[in-house]
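Atoms within each ligand, like the ligands themselves, are counted from 1 in listed order.
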Amino acid sequence: MMAPWETDWHIARAALEWQLDMGVDEAICDAPVSRYDLPDKRETAQAPAKAAVAVPAGTGVAPAADPVALARHAAESAGDLAALQAALAAYDHCELKLGARNLVFADGQPNARVMIVGEAPGREEDRQGKPFVGEAGQLLDRMFAAISMGRDNPDPSKALYITNILPWRPPQNRDPSSDERAMMRPFVQRHIELIDPDILILMGRVSAGTLLETSEGITRLRGQWCDVMGRLCLPMLHPAYLLRNPPMKRHAWADLLSLQARLRDTT
Ligand code: URA
């Protein structure tokens with residue numbers, strides 16, 4: 001007869017094997033989540049949106065904090081890149097932080113003329129703490145190498161500086177919610193101010209949607225020069241999308257040539 005702890009061990013192992021059979025291939029959080037303890041989604045969906053509640057004067061109760069206002073205050077107080085990274089690390093209002101291994105801040109040359117803003121870290125970026133280092137990132141490096149640009153190039157007109165709208169990996173690479181994007185927007189805007197690039201590349205739908213505040217699709221926006229915070233800006237197709245749709249690479253090539261011409265014209 002098996003000892004009780006042996007039975008528990010076999011039950012736990014069988015449960016894990018069952019999850020593997022179901023296709024689970026990684027743990028998103030460090031600690032297990034009991035689905036029975038989570039609030040009922042239907043109740044949460046119907047609950048009124050969190051808002052700063054008006055409090056009668058003199059009651060001494062603080063109104064609920066507005067996470068976007070807190071983000072704006074934290075971001076605007078950051079005087080340099082190190083302070084901005086520290087402000088992001090200290091920001092506790094975005095739940096994505098709980099499931100991420102690392103804060104993915106940026107990579108490349110801070111004096112680059114071109115700054116790329118992507119969407120969010122994926123699995124490899126979360127592991128390494130650097131943006132665009134997975135399969136899509138390798139394609140991004142090859143795309144820019146084709147016009148002699150790269151994140152390691154010390155020459156500012158050939159260099160790249162790379163960041164994302166979100167510094168934490170969303171579980172299972174799901175789309176970031178509008179609340180998450182709204183919270184991170186002030187940090188990205190401050191990041192852009194501090195780098196002060198000549199040209200911004202909005203890499204993909206989430207980046208273009210968040211910084212241009214539009215729901216227009218990226219296949220319409222790509223290749224159209226526009227303005228973000230008073231600087232030239234080019235929305236492009238995301239390399240992950242190009243990996244899934246190789247025929248669209250010709251549009252990416254047209255956009256890279258357009259970027260090259262613009263950099264030449266604005267020296
Ligand atoms: N996709 C992005 O948008 N950013 C990354 O850092 C990686 C993949």
query = Does the N or O separation between Glu125 and ligand 1 drop below 3.5 Å for any pair?
reply = no
inquiry  = Using side-chain heavy atoms (C-beta onward) and a distance below 4.5 Å, is Arg205 in contact with Leu221?
reply    = no
ask   = Glu124: heavy atom below 4.0 Å from ligand 1, yes or no?
value = no
message = Applying a heavy-atom cut-off of 4.0 Å, say which part of Pro131 lies close to ligand 1: side chain, backbone, both or neither.
response = both
query = Can you check whether Gly118 has an N/O within less than 3.5 Å of an N/O in ligand 1?
reply = no
ask   = Any chance the rings of Tyr91 and His73 have centres within less than 6.0 Å?
value = no
request  = Can you sort out the partners of Phe105 under ring-ring contact (aromatic ring centres under 6.0 Å, His included), two or more places apart, ordered by chain and number?
outcome  = His191
ask   = Which heavy atom of the protein is the closest neighbour of atom 4 (N) of ligand 1, given with residue, atom name and distance?
value = Asn164 OD1, 2.8 Å
request  = Determine whether the side chain, the backbone, both or neither of His238 has a heavy atom under 4.0 Å from any heavy atom of ligand 1.
outcome  = side chain
request  = Among Gln224, Arg222, Arg250, find the one that has a side-chain hydrogen bond (donor to acceptor under 3.5 Å, both in side chains) with Asp255.
outcome  = Arg222
request  = Would you mind telling me which of Asp198, Asp196, Leu160 makes a side-chain contact (heavy atoms from CB on, under 4.5 Å) with Arg113?
outcome  = Asp198
task = Answer yes or no: is there a side-chain heavy-atom contact under 4.5 Å between Asp175 and Glu119?
result = yes
ask   = Looking only at heavy atoms of Ala120, does any of them come nearer than 4.0 Å to an atom of ligand 1?
value = yes
